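Every value quoted in this text rests on a predicted model; they were computed, and no experiment measured them. Convention: sequence-line order gives letters A, B, ...; per-chain numbering from 1.
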Amino acid sequence: MQRALPQEFSERINFAAGVIWILRVLVAVIVIWGATSTLAAGFYSPSQWRDLVIFGLAQGGVYALIALGYTMVYGILGFINFAHGEVFMSGMMIGYFVADYLNEVGMWNGNPVLAFLIVLVVSMFTSTSVAVLVERIAYRPLRESPRIVPLITSIGASFFIQYAFRGLFGAGVKSYPRMEALEGAVTVLGVRILKVHVLVIVAVFIMMALLYWFVERTRTGKAIRAVAEDKEIAALMGVDIDRAIVTTFAIGGMMAGAAGLLYALVFSQVFFFSGFLPGIKAFTAAVLGGIGNIVGAMLGGIVLGIVESVGPILILSGLGIPAPHQLKDVVAFTVLVLVLIFRPKGLLGERLAEERD
Amino acid sequence: MAKIAPVPEEAVLEDVRLKAPEVSLEQAAKLGGVAGIVAVFVSANGMVQAFAERDIISGILSMGYALLFLVPLIIAYLAAREPPVLEGFEAPQKGPRNVVAGLIVGAITGLFLVLFVLLASAVNLRRVFINISPQLLDLLTFGQGSGGLVLLAAGSLLMGAAGGLTQLLEAKWRRALWGAVAWTLLIGLLEVIVAQLFRGLGLNVLAPFFYAGTGGLTPVGAAIVFVIAFLYYWAVVPKVNQWQHAYAQMPAERQRSVRLSAVVAAVIVVAVTPQVLGPFVSEVLDLVGIFLLMGLGLNIVVGFAGLLDLGYVAFFAVGAYTTAILTSPASPRWSPEMSFWAALPFVILAAALAGIIVGTPVLRMRGDYLAIVTLGFGEIARLLLLSDWLRPVFGGAQGILKIPNLSIGPIVFRTPVDMFYPIVGFCLLAAYVSWKLKNSRIGRAWMAMREDEQVAEAMGVDIVEIKLKAFIVGAVIASFGGALFAVKIGSVFPHSFSLLVSITVLVLVIVGGLGSIPGVVVGTLALVGLPELLREFQEYRLLAYGVLLILMMLYRPEGLLPTKQWVRELHEEELMQDAWLKMEEDRRRAQAQAQTSQGDLPPAQPEEA
């Protein structure tokens with residue numbers, strides 16, 4: 001933001017910058033102090049730390065998949081699709097009914113690979129449909145409105161989906177059946193990892209690689225990037241804007257649907273409000289990596305997952321705060337606030353949408 | 001317009017009246033599909049069954065059926081409406097086509113419902129859709145088994161036809177009819193209030209005449225309400241304009257006396273309301289008042305300044321917890337046991353501080369980031385209040401109990417009826433402050449910032465300062481709400497301060513019309529008061545909020561009672577088009593005039609006129 005500012009104003013900015021610097025130092029001191037005192041006290045063994053990091057990696061991978069939806073929609077339309085957390089939840093919820101049925105007919109544990117694939121397809125299909133429907137009904141007519149308008153609509157869509165699911169499928173918490181094949185742990189390169197975490201990490205990397213290939217190497221991907229760059233010019237070049245936007249929502253939905261199943265395999269529970277927290281955290285991940293930036297979302301998700309898993313114990317228990325795991329979500333939200341204050345462009349900077357105002 | 005011989009082009013345009021498009025039957029079929037989906041949805045998510053418990057007209061119409069059949073009725077009405085007639089086009093004749101459009105909607109809705117019932121009775125869907133119960137199917141078929149399907153389809157068809165038919169009526173009659181239907185439904189639902197009103201006014205004898213006692217109006221009562229409402233819309237409402245006109249014509253002194261008597265009447269009504277309506281309704285009114293207070297505060301932040309705050313509940317919590325800690329003897333860490341009024345300055349201080357804490361980091365942030373960050377702050381506040389870490393101060397999940405009642409000198413506000421007055425007092429204060437701010441220098445600066453931050457800055461508006469001021473004013477008003485909430489309930493718990501409060505306040509501000517003060521009042525009464533009175537609504541409140549947010553943004557982004565600025569901002573193009581059309585018209589008229597008076601001038605000349 002290089003603009004000539006009036007004298008008085010630039011002084012204020014300097015004052016604000018000063019405050020922010022003080023904050024920065026404060027945060028750094030708290031983090032370092034907390035971390036060193038925790039490590040010095042030696043409450044936790046190295047293998048416990050390693051488990052936390054691996055758990056964070058799996059969780060962060062799921063956040064990354066959801067974050068892709070936020071980041072791509074932001075890149076192309078320039079607003080936060082608040083309902084994306086619900087897109088994620090819808091796949092997870094419908095996936096549950098199929099998984100439950102498969103469990104009843106004995107396939108869930110009889111042929112886990114096929115069962116996993118079936119539920120994956122159902123979950124992805126559901127999330128994709130919800131994402132595309134929301135775009136069609138709630139966002140497309142408002143594309144030319146002031147930016148606050150689609151944002152408010154997306155908040156409405158988010159609550160509508162939550163409570164529609166609550167009405168249709170009930171308010172109770174539903175537990176995914178246990179998949180025996182995923183119980184226990186394996187040793188990879190001398191490190192014991194839970195099988196579920198292996199599955200999640202591998203699946204996340206496959207999905208992300210596919211997405212990266214799609215956006216960077218295919219014609220449709222090129223069209224999406226072109227629309228993100230400049231809608232009008234892209235239209236003049238013969239790109240079908242509506243199609244590119246719908247494709248973006250569909251891809252975001254697919255990723256969220258896959259994330260839904262993976263999340264359900266790790267945490268095994270789903271109810272109508274399940275989309276809210278992962279949604280906000282995935283958004284944090286997207287901002288952390290630099291919104292609009294696909295690689296950034298992947299990186300941001302993983303970093304956030306690890307910070308969230310390791311951070312509360314590492315920093316807060318060193319400061320003598322009891323029950324740090326209760327503050328897990330506080331840490332995630334604080335990361336969001338801090339990122340937006342100190343580095344609003346994210347770790348890797350905004351890409352798909354450069355200098356959007 | 002006079003006929004003009006020498007200008008052929010224009011004359012041709014005058015003579016050939018273009019026909020505006022008729023009602024589209026294809027569109028009607030599409031809307032019928034929408035109506036069908038909506039009707040099946042409200043059945044499958046349990047609304048019809050839950051609402052069926054409550055009668056509107058005893059023994060004749062339950063709220064469940066009203067909901068189900070209002071869907072085809074309203075959508076048929078919309079489908080049978082002509083598309084807007086553009087300037088210079090001739091409106092099409094109303095006729096059977098309107099009714100056919102309505103019938104199509106009714107038929108398709110009926111078809112969807114019948115298919116739904118057949119499917120649900122053939123396959124057990126209940127494992128997935130928990131609300132598709134045998135009772136629901138019984139309701140949908142009127143307890144008649146498969147014969148009821150005919151009734152269901154016929155009812156839907158009838159509603160479609162009715163919706164189409166109302167389009168044939170003249171505007172005056174149509175408005176009266178819809179108004180009467182709406183009032184009958186509302187009076188039927190609000191038995192609690194109306195019966196209480198009869199009792200309070202000493203007209204207890206009337207109550208059994210109107211209400212059946214088992215919920216809902218008696219048929220006779222319904223007919224009376226219908227007729228009165230109809231006459232009101234037919235005879236009184238069209239006169240309102242005349243009265244406004246007459247008021248504007250009055251000399252200033254008489255205007256003042258009219259205004260004064262209106263204010264006196266309003267004061268009397270407000271003073272008497274809780275006494276007449278009794279404790280239960282007063283309880284609801286108190287809650288409405290607290291939400292209204294917060295709505296007025298958020299209206300300043302979102303409506304005036306355009307800062308979308310999704311963590312508004314944090315300030316509400318600050319107010320409530322500060323009051324609780326300072327006044328309650330049961331405050332865990334430190335209890336000075338102040339009186340409410342002694343604590344109030346500290347509440348204001350704490351809220352202002354919270355406003356600055358939230359406001360400073362987001363000063364340079366874009367609108368949508370702001371929404372998420374404030375949401376984050378709101379959640380952080382709730383989680384911290386709930387945590388074991390701060391339990392010694394805030395009491396964790398158990399909260400803080402034993403907050404003393406509000407009192408002024410010897411008067412103690414104990415009951416909900418008493419609490420109504422201080423709440424109204426604070427609401428009036430907030431409304432006055434908003435109104436003053438709106439028309440002040442800072443109010444204009446906020447609106448300038450809302451329209452375009454960079455332009456406002458270039459015009460010399462200090463963005464940093466006014467953003468912080470918006471946050472602080474909003475925070476202080478919300479903290480009043482929190483303080484009143486704390487003394488009204490007598491205790492505070494973290495779970496009272498969830499995200500849903502922020503969303504509720506946001507919805508009522510948006511539905512009422514961003515920046516509009518009367519809008520917030522209406523929005524709060526409808527969106528907080530109604531669900532509080534009707535427990536069946538409570539379950540589906542947030543579903544309705546979501547739908548409302550989407551529909552409002554799609555069809556009426558300026559809200560129900562909008563301010564002029566928002567209308568201008570959101571409908572810029574249409575207004576420009578209107579202005580252009582008017583200019584064209586004026587030009588043409590001037591041209592015609594010029595030509596009739598001085599026929600020898602060349603036609604290019606009058607364009608300057």
Side-chain angles (χ1 to χ4, degrees), chain A residues 1 3 5-6 8-9 12-13 16 19-20 23 74 78-80 82 97 100 137-138 141-142 145-153 155-164 166-170 172 276 280 283-284 287 316 321-324 326-327 329-330 333-334 336-337 340-341 344 357, chain B residues 41 44-47 127-131 302 306 308 310 360-369 371-373 375-377 379-380 383-384 386-389 391 454 457 460 462-465 499 503 506-507 510 539-554 557 569-570:
Chain A
M1 252 190 273
R3 267 179 297 155
L5 298 167
E8 195 192 346
F9 192 74
R12 271 174 193 284
I13 283 296
V19 171
I20 285 186
L23 263 175
Y74 196 94
F79 79 94
I80 300 167
F82 217 85
F97 290 111
D100 195 43
I137 294 169
L142 297 172
S145 310
R147 271 196 16 208
I148 195 170
V149 171
L151 184 63
I152 292 171
T153 320
I155 296 170
S158 166
F159 278 87
F160 173 73
I161 297 171
Q162 272 173 25
Y163 284 85
R166 182 176 188 259
L168 291 175
F169 306 115
F276 176 69
I280 298 290
F283 173 75
T284 307
V287 175
L316 298 180
I321 291 171
Q326 280 184 342
L327 300 175
D329 298 333
V330 175
F333 286 123
T334 313
L336 169 68
V337 175
L340 285 175
I341 296 169
D357 223 13
Chain B
F41 175 72
N45 78 356
M47 283 170 100
R127 268 195 58 181
V128 178
F129 298 96
I130 57 156
N131 279 317
V302 183
L308 189 61
L310 294 185
T360 316
V362 299
L363 280 177
R364 280 276 151 209
M365 229 168 254
R366 300 186 290 219
D368 30 17
Y369 277 20
I372 295 276
V373 170
L375 181 97
F377 272 120
E379 281 298 290
I380 290 177
L383 291 167
L384 286 180
L386 197 60
S387 70
D388 282 350
W389 174 38
R391 187 197 206 102
Q454 287 172 10
E457 207 173 334
D462 186 339
I463 296 286
V464 171
E465 187 193 316
L499 169 74
I503 298 296
L506 181 72
V507 172
I510 285 171
E539 277 282 287
Y540 298 97
R541 200 176 56 152
L542 282 143
L543 183 77
Y545 286 177
V547 174
L548 264 177
L549 276 185
I550 299 175
L551 290 181
M552 292 299 289
M553 287 299 117
L554 286 177
E569 197 174 330
L570 290 161

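- Your options are B:I503, B:V547, B:L506, and the one with the most heavy-atom pairs under 4.5 Å with chain A is B:I503.
- With sequence neighbours left out, A:F333 forms a ring-ring contact (aromatic ring centres under 6.0 Å, His included) with no residue at all.
- Heavy-atom minimum distance, B:I550 versus A:A138: CG2-CB, 4.3 Å.
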Quiz item: After noting the C-alpha distance and the side-chain angles of A:F159 and B:L543, does the key distance pass the side-chain contact (heavy atoms from CB on, under 4.5 Å) rule?
Solution: CA-CA 6 Å; A:F159 278 87; B:L543 183 77; over 6 Å; no

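- Neither the backbone nor the side chain of A:I161 comes within less than 4.5 Å of any heavy atom in chain B.
- Among B:G46, B:G460, B:A544, B:S387, the residue making the largest number of heavy-atom pairs under 4.5 Å with chain A is B:S387.
- A search for ring-ring contact (aromatic ring centres under 6.0 Å, His included) contacts involving A:F276 returns A:F273, not counting sequence neighbours.
- The shortest side-chain heavy-atom distance between B:I130 and A:F169 does not fall under the 4.5 Å cut-off.
- The parts of A:L168 that come within reach of chain B are both its backbone and its side chain, each placing non-hydrogen atoms under 4.5 angstrom from that chain.
- Interface remark: B:R541 contributes no atoms to any contact with chain A (heavy atom separation under 4.5 Å).
- Looking only at side-chain heavy atoms (C-beta outward), A:D100 and B:R127 come within less than 4.5 Å of each other.
- Using a 4.5 Å cut-off between heavy atoms, A:I280 contacts chain B through its side chain alone, with no backbone atom that close.
- Contact annotation: the side chain of A:L142 approaches that of B:M553 to within less than 4.5 Å [non-hydrogen atoms, C-beta and beyond].
- Interface remark: A:T334 contributes backbone and side-chain atoms alike to the contact with chain B (heavy atom separation under 4.5 Å).
- Neither the backbone nor the side chain of B:L548 has a heavy atom closer than 4.5 Å to any heavy atom of chain A.
- Scanning both residues, A:R166 and B:E539, for their nearest heavy atoms gives NH1-O, 3.5 Å.
- To the nearest 0.5 Å, atom CG of residue A:L336 and atom CG of residue B:L375 are 8.5 Å apart.
- Neither the backbone nor the side chain of B:L551 has a heavy atom closer than 4.5 Å to any heavy atom of chain A.
- Between the CG atom of B:L310 and the CD1 atom of A:I155 there is a distance of 4.5 Å, given to the nearest 0.5 Å.
- Heavy atoms closer than 4.5 Å to chain B are found in both the backbone and the side chain of A:I152.
- To the nearest 0.5 Å, atoms CG (A:L151) and CD1 (B:I372) are separated by 7.5 Å.
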